[in-house]
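Below: one structure, written as structure tokens.
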Amino acid sequence: QLQLGESGGGLVQPGGSLRLSCAASGSNLAVYRIGWFRQAPGKEREGVSCISSSAGITDYADSVKDRFTISTDNAKNTVYLQMNSLKPEDTGVYYCAARLSVFRRCVLRPGEYEYWGQGTQVTVSS
């Protein structure tokens, strides 16, 4: 059974950076499509970025393009989300999730994902 655990959240000033980690156990992440999602208070969970490492495919929400970068370290069975130029609207609980799929591309729809971590809080504020 795949288990996911996020870390790396915290409080950062606008314009700052954070790197989130999603460590997996119980299975090899390389066979999954991995997504990062976030949820702000009172809002629905939204897709931020995803990766299909076996196909070398990534995708990003328009709101984070050119600021966030998703990557994997297969040796560590970990997926990262590097977040630069952070804005107050990036505040929320960030979750990583995984799904098995026959399709090469990953998706940013949270309902498509089967396995979820517990989340890590990111707060962007001065």
Side-chain angles (χ1 to χ4, degrees):
Q1 178 80 5
L2 178 67
Q3 292 185 317
L4 303 172
E6 303 93 336
S7 61
L11 173 64
V12 63
Q13 292 186 342
S17 298
L18 282 174
R19 188 178 78 159
L20 305 183
S21 299
C22 173
S25 60
S27 188
N28 186 353
L29 265 186
V31 303
Y32 293 85
R33 312 292 179 258
I34 307 299
W36 281 100
F37 300 84
R38 67 187 180 190
Q39 189 165 18
K43 294 189 176 181
E44 291 187 354
R45 192 168 299 187
E46 63 174 350
V48 174
S49 181
C50 65
I51 186 167
S52 172
S53 61
S54 59
I57 295 173
T58 60
D59 198 8
Y60 297 90
D62 289 343
S63 59
V64 306
K65 278 181 181 176
D66 300 324
R67 298 190 298 123
F68 290 11
T69 303
I70 191 170
S71 63
T72 61
D73 184 333
N74 290 334
K76 294 183 178 180
N77 216 23
T78 299
V79 176
Y80 301 100
L81 185 68
Q82 178 66 44
M83 306 187 296
N84 299 328
S85 303
L86 283 161
K87 305 176 181 180
E89 51 264 43
D90 294 318
T91 294
V93 179
Y94 282 68
Y95 301 89
C96 66
R99 67 186 294 251
L100 289 169
S101 175
V102 298
F103 301 106
R104 298 178 72 242
R105 297 193 67 85
C106 57
V107 296
L108 293 175
R109 297 185 295 273
E112 301 282 343
Y113 286 76
E114 304 150 16
Y115 304 95
W116 290 84
Q118 80 287 351
T120 185
Q121 176 70 45
V122 172
T123 303
V124 185
S125 175
S126 55

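Position 1 is the first residue of the sequence, and the numbers go up from there. Keep in mind that the numbers below use all heavy atoms, side chains included, and drop hydrogens, waters and symmetry copies.
- Two residues are said to be in side-chain contact when any heavy atoms from C-beta on lie closer than 4.5 Å; S49 and L81 meet this criterion.
- For the atom pair CG of L4 and SG of C22, the computed distance is 4.5 Å after rounding to the nearest 0.5 Å.
- Here E112 pairs with R99 in a salt bridge; the nearest charged N to carboxylate O distance falls below 4.0 Å.
- In this structure the side chain of R67 reaches within 4.5 angstrom of the side chain of D90, judged on heavy atoms.
- A 6.0 Å sphere centred on CD of E89 holds more than 12 heavy atoms belonging to other residues, nucleotides or ligands.
- Put simply, OH on Y80 and SG on C96 are 12.0 Å apart, with the number rounded to the nearest 0.5 Å.
- For the atom pair CE (M83) and CZ (R19), the distance works out to 11.5 Å, reported to the nearest 0.5 Å.
- By the 30° and 60° cut-offs, the orientation of the rings of W116 relative to F37 is tilted.
- L100 and I34 fall within the same hydrophobic cluster, where Ile, Leu, Val, Met, Phe, Trp and Tyr residues are linked whenever their side-chain heavy atoms come under 4.5 Å apart, directly or through other members.
- From C50, atom SG reaches atom CZ of R105 across 8.0 Å, with rounding to the nearest 0.5 Å.
- With hydrogens and angles left out, the side-chain atoms of R38 and Y94 include a donor and acceptor closer than 3.5 Å.
- The aromatic rings of Y115 and Y32 stand perpendicular to each other, their planes meeting at an angle above 60°, with 30° marking the opposite boundary.
- At a threshold of 4.5 Å between non-hydrogen side-chain atoms, the residues N28 and N77 count as touching.
- Partner of V122 under the side-chain contact (heavy atoms from CB on, under 4.5 Å) criterion, out of L20, T91, L11: L20 alone.
- Scanning both residues, Y113 and C106, for their nearest heavy atoms gives OH-CB, 4.2 Å.
- Looking at S17 and N84, their side chains do bring a donor and an acceptor atom within 3.5 Å of each other.
- T72 is not listed as a side-chain neighbour of L29, based on a closest heavy-atom distance of 4.5 Å or more.
- Atoms OG and CZ, on S54 and R104 in that order, are 8.0 Å from each other to the nearest 0.5 Å.
- Looking at heavy atoms from C-beta onward, P88 lies out of side-chain contact with S125 at the 4.5 angstrom threshold.
- Atom CG of L86 and atom CG of L18 lie 5.5 Å apart (nearest 0.5 Å).
- The shortest distance between side-chain heavy atoms of V48 and Y60 does not fall below 4.5 Å.
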